[in-house]
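Order of the sequence lines fixes the chain letters, A, B, ..., with proteins taken first and strands second; residue numbering starts at 1 for each chain.
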Number of protein chains: 2
Amino acid sequence: MSPPRGRPPTYDRDEALGRLLAAFWEKGYSTATLDDLVEATGMNRPSLYGAFGDKKAMYLAALDLFRGGMLQQMEHLLFGAARIEDALAALMEGALAVYFSGENGARGCVAICTATAEATLDPDIRERLHLVIQSIDEIVARRLERAIAEGQVPASLDPMRTARVLGSIVHSMAVRTRSGEARADLGALGRDAAAMVLAAGGVTAAARSLN
Amino acid sequence: MSPPRGRPPTYDRDEALGRLLAAFWEKGYSTATLDDLVEATGMNRPSLYGAFGDKKAMYLAALDLFRGGMLQQMEHLLFGAARIEDALAALMEGALAVYFSGENGARGCVAICTATAEATLDPDIRERLHLVIQSIDEIVARRLERAIAEGQVPASLDPMRTARVLGSIVHSMAVRTRSGEARADLGALGRDAAAMVLAAGGVTAAARSLN
DNA sequence: CCTATTTCATACCTAATGGTACAAAAATCA
DNA sequence: TGATTTTTGTACCATTAGGTATGAAATAGG
């Protein structure tokens, strides 16, 4: 593999994409201007366009990067704990750690908090949002399946339906973060929800048939 | 009360504000242009500015209108039902009815789905978002207090903490609506969550002390 | 009927936005 | 070293954005 022909880029594409993600995360898609993105990456406009395409492509690429990292971390947090109680606690605490990790404080989740606004107008963005939501549901459901297999929760628990409830708590934590709620209060919300779900034995076939 | 001096307005301010709300609801704050707002209201630009102020003031007024209507309807739905099961079912179903009531289909909640993106940049918008979230939490908590008083749920249930879990489900339903989830699936999510909360006896002091 | 007052409608303004042309710079290959 | 290729950086472009000046229109008061 010989080095490429022309003048070598001065930027690192992955790092630049990370900076793009951070910029969109704070400002949202339509509020972030090209000048913002230029400043965030340190690149100039033509380089940005050459590397990523137009503004929307940058946003989509940033969302994909986010989803990848999110899934990796959730996998780690959820499946690294032996007890389902600990796994769910790690999920909630890990989400909060990300939501409060911005330089300028509380920024929530880039997909839930910024893509949702655009979802009505752009099918590609809506698809990305859906993908993030679906990914969360599915990975939590997989962890619940393991808990069933290990006898930590009743077999009557419906993994996917229960996961959707837990995922919903995570979504709201993201929104609430951005609304200015204190981290301690959100931690309590996450713990309360997880404890209640486990106390109820999750969403069960019985509870479903009630309605 | 004699009629006002000059030329009478041709628009109805309340109706115009309703149209503004609909426009912001679908497109979001920064994505909705002045031209969009002019078209939605049928008013011309100077009249819009005369009636409401600048674009941000229009958005804030629309959010306030939304919150007022939302609270009124939630009061009706939550306190119109005698049993807490029915009250929570009405809450979830009522939320979905609103989230799917747009002309162009699924639009979710204007506060959760559009104000969240702007919340990091504008304190006034963030405050409105917080107010909506807080209002939901509080009215649900009040309904749970009544259920405790009427012996329908255990007195160990913490109304506010339980309400925050239920409110979180509603938030996520709004986001999920906008992401393209089917209404039937969201109905199931709402029923599942409500049933599980009641099955667990809500968030209790006991569950809290576990953590 | 004339004046005062308020709204309406057109047209306009400035600034900012997303996107690009073009030439200089930096590398490889012959 | 010279030709080729790719990136860089400046400067620019057309469009759209939010917001406003201005005069005509419509009402009440005198």
Side-chain atoms of B/Ser47 come closest, of C/dT6, D/dA11, C/dC8, to C/dC8

Is the ring pair B/Trp25/B/Phe66 parallel, tilted or perpendicular, if the boundaries are 30 and 60 degrees?
perpendicular

Any side-chain N or O of B/Thr10 below 4.0 angstrom from OP1/OP2 of C/dT7?
no

Could you state the atom-to-atom distance from CG of A/Leu48 to P of C/dT17 in whole Å?
15 Å

Nearest whole Å is fine: how far is C/dT17 P from A/Asp36 CG?
8 Å

Any donor-acceptor pair, under 3.5 Å, between the side chain of A/Arg5 and the base of C/dT28, if you only look at N and O atoms?
yes

Is it possible for you to check whether A/Lys55 lies under 6.0 Å from the centre of the six-membered ring of A/Tyr49, through NZ or CZ, and within 45° of that ring's axis?
no

Identify which nucleotide among C/dA26, D/dA17, C/dT10 has an atom closest to any side-chain atom of A/Pro8, counting heavy atoms from C-beta outward.
C/dA26

Looking at B/Glu15 and B/Arg19, is any side-chain nitrogen of the basic one under 4.0 Å from a carboxylate oxygen of the acidic one?
yes

A/Phe52 CZ to D/dT7 P, straight-line distance once rounded to whole Å:
13 Å

Measure from CG on B/Asp12 to P on C/dC8 and round the result to the nearest Å.
12 Å

Between atom CE of B/Met74 and atom CG of B/Leu78, what is the distance when rounded to the nearest 0.5 Å?
5.0 Å

Rounded to the nearest angstrom, tell me the gap between atom CZ in B/Arg13 and atom P in C/dT7.
12 Å

Would you indicate, yes or no, if C/dC8 has its OP1 or OP2 atom less than 4.0 angstrom from a side-chain nitrogen or oxygen of B/Asn44?
no

Is the shortest distance from a Lys or Arg side-chain nitrogen in A/Asp192 or B/Arg164 to a carboxylate oxygen in the other one below 4.0 Å?
no

Grab the OH-P distance between A/Tyr49 and D/dT8 for me, whole Å please.
16 Å

For A/Arg7 and D/dT6, what is the distance between atoms CZ and C1' respectively, to the nearest whole Å?
9 Å

Check every strand shown and say whether A/Pro46 touches a base, only sugar-phosphate, or nothing at a heavy-atom separation below 4.0 Å.
base

Rounded distance (Å) that lies between atom C1' of D/dT10 and atom CZ of A/Arg45
12 Å

Answer with base, sugar-phosphate or nothing: what part of the nucleic acid does A/Ala51 contact at a heavy-atom distance below 4.0 Å?
nothing

